[in-house]
Undergrad: 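First the structure, then my questions, so here it is.
This one's a predicted model, so the numbers in the text were calculated from it and none came from an experiment.
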Amino acid sequence: MNSIEGMLDRHPELQSCANEVTAAHELLLNCFEGGNKLLLCGNGGSCADCEHIAGELVKSFSRTRSLDPELAEKLGPELAANLHGSLPAIPLPSFTAFHTAFANDDHPEYAFAQQVLGL
């Protein structure tokens, strides 16, 4: 059973959007396998959500993500034993100084677009 099937077994209420969940999974998998980063944004409660999601991706979540053996060797035994395999995710609202400066000097509705352009 793959992880999406397992999730749907645990949460049958998501069955109606199983195709969309599978498509999102494929997009994220392609993103990370391609060496890209996930940029997350949101305002208010969605800001808190993107911060949480980024944190879960940068560290291990429900399953351990081991370090790449080559990286573990470069880091040495102490760091390798205490670090998680990480998926690159950046919560854009965390750039507080940028957001306040952009809102002061420019059009705040374009702040996330400016960050995406820069990153």
Undergrad: Taking ring pair (Phe, Tyr, Trp, His ring centres under 6.0 Å) as the test, write out the residues that go with Phe95, two or more places apart.
TA: none
Undergrad: Is the closest side-chain heavy-atom distance between His52 and Asp49 below 4.5 Å?
TA: no
Undergrad: If you group Ile, Leu, Val, Met, Phe, Trp and Tyr by side-chain heavy-atom gaps below 4.5 Å, do Val58 and Ile90 land in one group?
TA: no
Undergrad: In the hydrophobic cluster built from side-chain contacts under 4.5 Å, what are the other members alongside Leu28?
TA: Phe32, Leu38, Leu40, Ile53, Leu57, Leu87
Undergrad: Is the shortest heavy-atom distance from the side chain of Val116 to the side chain of Leu92 under 4.5 Å?
TA: yes
Undergrad: Does any pair with a residue in residues 86-106 pass side chain to side chain donor-acceptor pair (under 3.5 Å), and if so which ones, sequence neighbours excluded?
TA: Glu51-Ser94, His99-Gln115
Undergrad: Nearest 0.5 Å please: distance from the CD atom of Gln114 over to the CD atom of Glu109.
TA: 12.5 Å
Undergrad: Enumerate the residue pairs fulfilling salt bridge (Lys or Arg N to Asp or Glu O under 4.0 Å) with a member in residues 73-90, sequence neighbours excluded, ordered by first and then second residue.
TA: Glu70-Lys74
Undergrad: Just wondering, do Lys37 and Leu119 contact through their side chains at under 4.5 Å, heavy atoms?
TA: no
Undergrad: Under the criterion side chain to side chain contact (heavy atoms under 4.5 Å, CB included), I'd like the reasoning laid out for Leu117 against Tyr110: C-alpha separation, chi angles, the key distance, then a yes or no.
TA: CA-CA 11 Å; Leu117 180 69; Tyr110 296 107; over 6 Å; no
Undergrad: Identify, with sequence neighbours excluded, every residue that meets side chain to side chain contact (heavy atoms under 4.5 Å, CB included) alongside Ile4.
TA: Asn2, Leu8, Val21, Thr22, His25
Undergrad: The criterion is side chain to side chain contact (heavy atoms under 4.5 Å, CB included); which residues satisfy it with Glu33, sequence neighbours excluded?
TA: Leu29, Asn30
Undergrad: Can you sort out the partners of Leu83 under side chain to side chain contact (heavy atoms under 4.5 Å, CB included), two or more places apart, ordered by chain and number?
TA: Leu67, Leu75, Leu79
Undergrad: So which heavy atom on Cys47 is nearest to which on Gly42, and how close?
TA: CB-O, 3.2 Å
Undergrad: Phe98: what forms a ring pair (Phe, Tyr, Trp, His ring centres under 6.0 Å) with it, not counting sequence neighbours?
TA: Phe102
Undergrad: Using the salt bridge (charged side-chain N to carboxylate O under 4.0 Å, His left out) criterion, which residues pair with Glu56? Sequence neighbours excluded.
TA: Lys59
Undergrad: Which residues pass the side chain to side chain contact (heavy atoms under 4.5 Å, CB included) test with Ala23, sequence neighbours left out?
TA: none
Undergrad: Of all heavy-atom pairs between Ala89 and Ala54, which one has the smallest distance, and what is that distance?
TA: CB-CA, 4.0 Å
Undergrad: Counting only heavy atoms from other residues, nucleotides and ligands, does the tally under 6.0 Å from NE2 of His107 exceed 12?
TA: no
